[in-house]
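Comments concern the structure below.
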Amino acid sequence: MKILMVCLGNICRSPLAEGIMRHLIAENNLDWEVASAGTGNWHIGKAPDHRSTSAAKSLGYDISSQRAQQFSTSMFDQYDLILVMDKNNLRDVQSLAKNELERKKVKLFLDNDEVTDPYWDNALFAPVCEQIEERCRAIIKQLS
């Protein structure tokens with residue numbers, strides 16, 4: 001299983017999802033791969049936002065070595081499942097799909113809900129991180 005986590009800039013939500021999922025994959029001895037990307041190009045090559053890094057660290061996850069990348073159409077071929085953080089990401093990624101098979105790979109990370117973007121509110125990072133951790137555990141239970 002190869003999973004891609006996607007948000008807007010790839011510095012807040014999707015790096016949290018990637019790092020937490022990577023840790024849980026290893027913890028569960030699963031032969032899965034996970035990565036993350038952003039729909040925008042503002043932060044390519046940059047580390048996750050320090051507030052995401054701090055929130056992850058408080059729960060025992062190290063995401064500091066991750067680097068932002070931008071979503072590209074080649075990722076449809078590289079990943080089995082593309083989980084996006086909100087409906088704007090869903091629309092943006094699905095609009096790049098060449099066919100229905102690619103479109104069907106793209107789903108909301110929270111099924112029918114959105115992960116709030118914490119970028120503009122420091123107080124949101126810890127609860128968003130906890131929400132992502134809970135969902136990553138559920139995804140592993142659901143898919144393994």
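Just so you know, these numbers use all the heavy atoms, side chains as well, and skip hydrogens, waters and symmetry mates. Along the sequence shown, the residues carry numbers beginning at 1.
Listed by chain and residue number, nothing satisfies the side chain to side chain donor-acceptor pair (under 3.5 Å) test with Asn28 (two or more places apart in sequence, or in another chain). Applying the side chain to side chain donor-acceptor pair (under 3.5 Å) rule to Ser72 yields the partners Ser74; only residues at least two apart in sequence or on another chain are considered. Residues forming a salt bridge (charged side-chain N to carboxylate O under 4.0 Å, His left out) with Lys98 (at least two apart in sequence, or on another chain): Glu102. In this view, Arg91 and Asn88 satisfy the side chain to side chain donor-acceptor pair (under 3.5 Å) rule, not counting sequence neighbours.
Between Asn122 and Arg51, the closest side-chain pair of non-hydrogen atoms falls below 4.5 Å. Here the side chains of Met5 and Phe109 are in contact, with some heavy-atom distance below 4.5 Å. Put simply, the side chain of Arg13 reaches to within 4.5 Å of the side chain of Leu8, judged on heavy atoms. Looking at heavy atoms from C-beta onward, Glu27 lies in side-chain contact with Arg137 at the 4.5 angstrom threshold. In this structure, Ile11 and Ser52 have side chains that are not in contact, with every pair of non-hydrogen atoms separated by 4.5 Å or more. A 4.5 Å side-chain heavy-atom check between Ile139 and Leu83 finds at least one atom pair inside the cut-off. For the pair Glu133/Leu59, a side-chain contact is recorded, criterion being any heavy-atom separation below 4.5 Å from C-beta on. Looking only at side-chain heavy atoms (C-beta outward), Ile132 and Met21 stay at 4.5 Å or farther from each other.
In terms of heavy-atom proximity, Met85 sits nearest to Cys7 at CG-CB, 3.7 Å. Smallest separation of non-hydrogen atoms from Pro118 and Phe125: O-CE1, 3.1 Å. Shown here for Ala68 and Gly9, the closest heavy-atom pair between the two residues is CB-O, 4.0 Å. Counting all heavy atoms, side chain and backbone alike, Asp113 lies closest to Leu108 at O-CD1, 3.8 Å. Of all non-hydrogen atoms in Leu124 and Asp117, the two that sit nearest each other are CD1-O, 4.2 Å. Shown here for Asp111 and Arg135, the closest heavy-atom pair between the two residues is OD1-NH2, 3.1 Å.
One finds the SG atom of Cys136 at 9.0 Å from the CG atom of Leu16 (value rounded to the nearest 0.5 Å). Separation of atoms CG (Asn112) and NZ (Lys87) is listed at 8.0 Å; rounding is to 0.5 Å. Of the inter-residue distances, the one linking Met1 atom CE with Leu143 atom CG reads 5.0 Å to the nearest 0.5 angstrom. Taking OG1 from Thr53 and CG from Asp62, the interatomic distance works out to 8.0 Å, rounded to the nearest 0.5 Å. A distance of 10.5 Å separates NZ in Lys104 from CG in Asn99, rounded to the nearest 0.5 Å.
Sorted by first and then second residue, the ring pair (Phe, Tyr, Trp, His ring centres under 6.0 Å) pairs involving residues 45-78 (not counting sequence neighbours) are His23-Tyr61, Phe71-Phe76.
Other residues, nucleotides and ligands place no more than 12 heavy atoms under 6.0 Å from the CD atom of Glu134.
Leu90 and Leu110 sit in two unconnected hydrophobic clusters of ILVMFWY residues. Membership requires side-chain heavy atoms under 4.5 Å apart, directly or through other members. Put simply, Val128 and Leu24 are part of the same group of oily side chains (I, L, V, M, F, W, Y) that touch within less than 4.5 Å, one to the next. By the criterion of side-chain heavy atoms lying less than 4.5 angstrom apart, applied directly or through intervening Ile, Leu, Val, Met, Phe, Trp or Tyr residues, Ile63 is grouped together with Ile3 in one hydrophobic cluster. One hydrophobic cluster, built from ILVMFWY side chains closer than 4.5 Å, cannot hold both Val115 and Val93; they sit in different ones.
Side-chain atoms of Lys107 do not come within 3.5 Å of backbone N or O of Leu81 as any donor-acceptor pair. At distances below 3.5 Å, not a single donor-acceptor pair connects side-chain atoms of Glu33 with backbone N or O atoms of Lys2.
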Review item, side-chain donor-acceptor pairs of residues 34-48, under 3.5 Å, at least two apart:
from	atom 1	to	atom 2	distance (Å)
Ser36	OG	Asn10	ND2	2.9
Ser36	OG	Glu18	OE1	2.5

